[in-house]
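This report refers to the structure that appears directly beneath it.
Reminder, nothing fancy here: chain letters follow the sequence lines and each chain counts from 1.
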Amino acid sequence: MKVSVSGKVLSTAACLMLALATPALCVAGDTIKFGIAGPHSGDLASYGIPSANAAKLVIDKVNANGGINGKKIEILQEDDVCKPEIATNTATKLVSSGVEVVLGHICSGATIAAMPIYTDAGILVMSPSATSDELTLSGKYPNFFRTIAPNAAQSPAMIDFAINKLGLKKIAIIHDKGDYGKPLAEGAKAYVEKTGKGKVVLFEGITPGAMDYSAIVQKIKESGAEVVVYGGYHPEASKIVSIMNKKRLKTKFVSDDGVKDDTFIKVAGPDAEGVYATGPQDNSANPLSLKAKDEHKAAFGSDPGAFFDNAYAATMVMLNAIEKAKSTKLADMKKVLETEKVDTPVGAINFDAKGDAIGVGFSMYVVEKGKYVVVK
Amino acid sequence: MDYFIELLFSGLTRGSIYALIALGYTMVYGIIGLINFAHGEIYMIGAFTAFIVATVLSIYGFPLLSIVIIAGVAAIVWSSSYGYTIEKIAYKPLRHAPRLSPLISAIGMSIFLQNYILLAQTSDFQPFPRLIPDFAFMEPIAHIIGSTDLVILVTTVIVMVVLTFIIKFTLIGKAMRATSQDRTMATLVGINVNRVISATFIIGSGLAAIGGLLIASHIGQINFYIGFIAGIKAFTAAVLGGIGSIPGAVLGSLILGLTESFATGYVSSDYEDVFAFSLLVLILIFKPSGLLGKATNQKV
C-alpha cells in the first residue's frame, strides 16, 4: 500500500517537473517572452488574476494581428502568492527561462523582494499595482515602472484638494500611527509646509481600536482647524466623523483610499455624508477602459477585478516600447517609455525618469446620498 | 475653561465605559480569585445580541424606547447565560487545580468566543443602530456633552447604586461577601458556594451586557474584536483601583479615563496609552494592591 502511494506521488512529481521544465526548453523559439508574475492562487489571488487576464487579452489581440516586428508573443506565467520569499523564486524562474519583459509583481512586498533579481538581469518590469514609494523614489531599480500612482502622490492630492478646491487653510492632520497612515500624514504635513499655502494647526496620532475619540475631537475643535486630513483606515475614520457630528463640529473631513470603501459608508451611516476621500483615478469615462471591460466580459464572462485597467495599460505600453524600440534592450525600451505617450484605459501615459507614470493619479470622491461619487 | 470641561466630560464618559466592564472583572476576582479573561468577550456578545435584536425589531417598526428595553433585556439575559455556562464548563472543574490552570482556561475561552463570533458574524464592522436619540434639551450643550455621554454617565451611577445595595443589604450579597472572605468557612456555615459563584458570574455578565449596549450605540460600530481592547483597558482599571474591590474598580476606571482624556487634550494623543500605563506602574509601585485594594497576606 505504502509503495503504491509513494509511486503515485513520484509520478505526479515527475509530471509536474516536466510541465514546469517545458518553457525553459523552448528558449530557442522565435518569440518574445512576456512574463506575468503575481498571486494567481491563495487568498490574494483576486488581486493577481485580473492582471493576468488583462495581459492575455492584449497579447491575444496582438498575436492575432501577426505579433510584433514579425514575432509572436509568448506568455510565461508564474505565481508568487503575494509572498516576498516566494517572489524571489518566481523571479529567478522567469529570468532563467529567458523572459524579456515582466508584468508584475502585484503586492509591494513581493515586488520589492523580486526586483534585485530583475535589476541584475536588466529586465524591464512594470507593475500595475505596487504603490510602495521605495520602488521608484529610491532610485534603486532603474528597470522598474508602474501604471499606478505611488503612495507619495496621495498626500499632495489630499492637501491640494483641501487648500485649492475647498479653500481651507487651517489643517489638522490626524493619523493612526500605522505603516499606511503615518507616512501619508507626514507626507501631507511636509507638503503643506513646502507649499506654504496653508497651516498645520494640529498633527497627532491616535490609537487604532480605542473605544472613544471624543478627546481628540475636542482637541481638533480647540485648534480651530477648518479641515481634518486623516491618514488611516475606515473603522477609526467612521468613529471620528460620528463623534465630530455629535459634538456639532462643522469641520470638513478629507481622507485617503483606506477610507474610500463602501464599508465606511455602511458603518458611519448618515455621518458619512460630505466626507471626502481620495481613491484610484476614475476611468469610467475613458472609452478604452469601457472597451477593455467589454473584452473581458466577452472572454471570461464576468466584470474585471482589481487593477485590470492598470495591467491592461501596462501591457499596452510595454508592447509599444518593444515595437518602437525594435529590441528588448532595457535602455532602448526605456527611451520609448519616457518619451512616447500611449493611449490606454488609464489615460494617455508616459513615464518620468523614476518610473512613475505621468498622467495617472488619484481622484477625489465625496459621499453623497450614501455613495462615493467623483468630485468634478 | 470650556476646553477643560469638555475634556473632563469626555474623560468621565470614557471612565464610566471602563467601569461597567471593570466591575465584572473585580467581582469575579473578589469571589474566586480568578482573572476572567473571557469577560471582554461577554461584553462583545452582549453588544451583538443587542445589535441583532434591535435590528430585527426596527424592521418591524417598534418604537425606539421599546427597542432599547427589549434589546437591553435580551442582551443581559443572553450574556448572563453565557457567563453562567462559561463558569460551569471552563472554571468549575478547575476549582481545586493550581491557580494557573483556570487562568489558561479563561484565555482559551476568550479566544474560542472571539473566533466563534468571527465565524458566525464575519470580521467586518457592523453598523450598530443609534438606540440613544439626541435629546432636544441637550442641544444647547451638545458640543460639551452629548446625549449618549449623558445616558452612559447616568446609567453607570444607577448601576453602581443598585450593585452597592445588592452587596450590602441582600442575602445573596451577604453570601458573596462571606464567600470572598473565606470560602471554606462559608461552606461550613451553610452557604451554597457554587450558587454564589454562579450569581457573581450572572451579575457581572449582565453589567457587561449593559455596557455593550451603551458603548456600541455610542461609537456606532461593532465587530468580534471589540471585547479584547475593552477587556484589557477595563482590566487595567480594575487593577489600578485594587482588583477585588468594587468602589476601587469604579475609581480606577474614572482615573484611567480622565488621565487618557487630559493626556490627549493637553499633551498628545500619541502618548495617550503611555500616560495611562505609566500611571498604573507608578500606583502599583507605591501601592501594590491598587488604590482601594486590601493587602492580603499569603497563608503559608
Check your understanding: By a 4.5 Å heavy-atom criterion (distance strictly below it), what part of B/I144 contacts chain A: side chain, backbone, both, or neither?
Key -> backbone

Check your understanding: With chain A, which of B/Q126, B/E272, B/H218 has the greatest number of heavy-atom pairs at distances under 4.5 Å?
Key -> B/H218

Practice item. For A/Y365 and A/D257, test the side chains for any donor-to-acceptor distance below 3.5 angstrom and give the result as yes or no. Key: no

Practice item. Calculate, to the nearest 0.5 Å, the distance between atoms OG1 and CD1 belonging to A/T278 and A/I159 respectively. Key: 10.5 Å

Review point. Taking B/S261, B/A142, B/S147 one by one, which has the highest count of heavy-atom pairs under 4.5 Å against chain A?
Key: B/A142

Review point. Donor-acceptor pair, A/E236 side chain versus A/G209 backbone, under 3.5 Å?
Key: yes

Check your understanding: Counting heavy-atom pairs under 4.5 Å to chain B, which of A/I206, A/V217, A/T207 comes out on top?
Key -> A/T207

Check your understanding: Side-chain donor-acceptor pair under 3.5 Å between A/Y233 and A/D261, yes or no?
Key -> no

**Study point:** For chain A, the option from B/N223, B/D273, B/D2, B/I17 that forms the most heavy-atom pairs under 4.5 Å
**Key:** B/D273

Revision key, fill the gap. Among A/S214, A/P235, A/G269, A/S242, the residue with the most heavy-atom pairs under 4.5 Å to chain B is A/P235

**Study point:** Value rounded to 0.5 Å, distance of CG in B/L23 from OG in B/S253
**Key:** 7.0 Å

Review point. Name the one of B/Y271, B/Y3, B/F4, B/F275 that satisfies ring-ring contact (aromatic ring centres under 6.0 Å, His included) with B/Y266?
Key: B/Y3

**Study point:** Under 4.5 Å from a heavy atom of chain B, the part of A/K239 involved
**Key:** both

Practice item. Under 4.5 Å heavy-atom distance to chain A, tell me which part of B/Y18 shows up: side chain, backbone, both or neither. Key: side chain

Study note, to complete from the structure: chain B shares the most heavy-atom pairs under 4.5 Å, among A/R248, A/K247, A/E204, A/K177, with A/E204

Exercise for review: Tell me, yes or no, whether the heavy-atom count around B/F137 atom CZ, taken from other residues, nucleotides or ligands under 6.0 Å, exceeds 12.
Suggested key: yes

